[in-house]
Amino acid sequence: MQAWQVHENGEPSEVMRLAEVAPPTPGEGQVLLKVRAANINFPDVLMARGQYQVRPPLPFTPGVEICGETEEGRRVIANPALPYGGFAEYAVADAAAVLTAPDSLDDAEAAALHIGYQTGWFGLHRRARLEAGETLLVHAAAGGVGSAAVQLGKAAGARVIGVVGGAEKAVVARELGCDVVVDRRAEDVVSAVKEATGGRGADVIYDPVGGEAYTQSTKVVAFEGRIVVVGFASGNIPAPGLNHALVKNYSILGLHWGLYNTKNPKLVQHCHEQLTELAARGAIKPLVSERVPLQEGAAAVQRVADGVTTGRVVVVPSLENGAVA
């Protein structure tokens with residue numbers, strides 16, 4: 001089979017190599033899956049660089065989220081068990097963690113439903129306890145993680161403010177349903193959010209960016225507001241001033257979704273059921289901006305690394321080379 005492999009750490013376009021390798025052999029409690037679609041996530045970038053908390057042995061195949069097919073023909077969603085990731089024709093996954101792919105979504109959409117939407121659901125509902133009528137601010141609202149949070153916030157009855165970088169991404173954020181869109185390249189984020197909320201600020205802030213975005217969050221969080229720390233796509237990990245959280249009376253909530261798979265896996269299944277229901281009635285639908293063939297996987301991962309994509313970019317092995325859909 002064909003699979004992308006990382007033999008040394010560095011930028012994805014430089015260290016990912018497409019190779020002909022033997023299909024992986026499932027271990028105990030694992031299942032072999034034919035990859036129908038593999039969604040690109042920022043952790044794939046960080047793993048290629050050697051900067052992620054999980055460091056699979058070299059060489060490894062990245063790709064942490066797929067829609068696959070079992071040997072019995074069942075269409076499923078899974079997180080592949082590294083080092084046999086999803087940017088390949090076949091992957092392996094823990095059988096106990098495999099979830100049924102929603103009938104309402106195609107392969108690429110189903111592949112993009114899992115990590116970003118589970119993270120959004122746990123962040124907004126389990127950690128921040130978002131309520132209908134509250135104001136939700138989402139950083140990087142046109143990206144893969146942010147777009148999921150926007151849709152989930154709207155489905156929960158929140159007023160959503162989306163922060164984006166550039167006019168093109170502002171258009172995407174509006175199409176996603178943001179009530180207010182702030183272009184950080186053209187506007188002062190703090191002033192714009194305060195104006196949009198009558199000076200009150202946002203009740204819940206969803207931050208997958210870190211760095212300057214987190215600093216902005218602390219300036220626009222409302223009384224009894226909650227800042228959900230999801231990741232650090234900016235590459236800058238902030239050092240919060242806890243005296244500031246005390247004086248302004250807000251909460252800083254960390255979210256590591258992967259821990260629920262070991263600490264409380266029943267909640268992951270419950271979340272999937274909720275997401276499947278939301279997808280069935282059209283309340284959420286992963287924004288897939290590109291479907292690319294396997295041969296273009298490294299270039300696609302690099303575009304995600306460079307922050308020039310919107311929504312999700314998905315690798316579809318059955319696509320012919322050059323047939324971007």
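For the single chain, residues carry numbers from 1 onward in sequence order. Owing to the predicted nature of the structure, the values given are computational and were not obtained by experimental measurement. Side-chain atoms are counted along with the backbone in the values below, which use heavy atoms only and exclude waters and symmetry mates.
- Not counting sequence neighbours, the partners of Glu134 by the side chain to side chain contact (heavy atoms under 4.5 Å, CB included) test are Leu130, Glu131, Asp203, Val204, Arg226.
- A donor-acceptor pair under 3.5 Å is absent between the side-chain atoms of Arg200 and the main chain of Ala222, judged by distance alone.
- Arg75 approaches Cys67 most closely through the heavy-atom pair CG-SG, 3.8 Å.
- The salt bridge (charged side-chain N to carboxylate O under 4.0 Å, His left out) test applied to Arg49 returns Glu11, not counting sequence neighbours.
- The nearest pair of heavy atoms linking Val315 to Gly297 is CG2-CA, 4.2 Å.
- The closest donor-acceptor contact from the side chain of Glu8 to the backbone of Val15 lies at 3.5 Å or more, if one exists at all.
- In plain terms, the two heavy atoms of Asp179 and Ala158 that are nearest each other are OD2-O, 4.1 Å.
- Grouping Ile, Leu, Val, Met, Phe, Trp and Tyr by side-chain contacts under 4.5 Å, direct or through others, puts Val247 with Leu246.
- Remark: the backbone N or O of Ala108 is paired with a side-chain donor or acceptor of Asp106 at under 3.5 angstrom.
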Side chains of residues 304-314: which donor-acceptor partners sit under 3.5 Å, not counting sequence neighbours?
unit_1: Asp306; atom_1: OD1; unit_2: Gln302; atom_2: NE2; d: 3.1
unit_1: Arg312; atom_1: NH1; unit_2: Ile40; atom_2: O; d: 3.4
unit_1: Arg312; atom_1: NH1; unit_2: Asn41; atom_2: OD1; d: 3.4
unit_1: Arg312; atom_1: NH2; unit_2: Asn41; atom_2: OD1; d: 3.3

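- In this structure, Glu290 pairs ionically with Arg303, as a charged nitrogen and a carboxylate oxygen lie closer than 4.0 Å.
- Cluster membership for Leu18 and Met16, using ILVMFWY side-chain heavy atoms within less than 4.5 angstrom, is shared.
- A donor-acceptor contact shorter than 3.5 Å links the side chain of Asn79 to the backbone of Val64.
- Not a single donor-acceptor pair under 3.5 Å links the side chain of Gln5 to the backbone N or O of Pro59.
- Proximity of a side-chain donor or acceptor of Asp188 to a complementary backbone N or O of Ser191 within less than 3.5 Å is detected.
- Proximity of a side-chain donor or acceptor of Asp94 to a complementary backbone N or O of Gln30 within less than 3.5 Å is not detected.
- Of all non-hydrogen atoms in Pro317 and Arg36, the two that sit nearest each other are CD-O, 3.7 Å.
- A distance-only check finds a donor-acceptor pair linking the side chain of Glu20 to the backbone of Met1 [under 3.5 Å].
- The backbone N or O of Leu124 sits nowhere less than 3.5 Å from a side-chain atom of Arg127 that would complete a donor-acceptor pair.
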For residues 136-146, which side-chain donor-acceptor pairs fall under 3.5 Å, sequence neighbours excluded?
unit_1: His139; atom_1: NE2; unit_2: Ala213; atom_2: O; d: 3.3
unit_1: His139; atom_1: NE2; unit_2: Ser217; atom_2: OG; d: 2.9

May I have the list of side-chain donor-acceptor pairs in residues 234-243 shorter than 3.5 Å, sequence neighbours left out?
unit_1: Ser234; atom_1: OG; unit_2: Val209; atom_2: O; d: 2.8
unit_1: Ser234; atom_1: OG; unit_2: Asn236; atom_2: N; d: 3.2

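- Remark: Arg291 does not engage Asp107 in a salt bridge, criterion side-chain N to carboxylate O under 4.0 Å.
- Judged by distance alone, the side chain of Ser13 and the main-chain N or O of Ala298 form no donor-acceptor pair under 3.5 Å.
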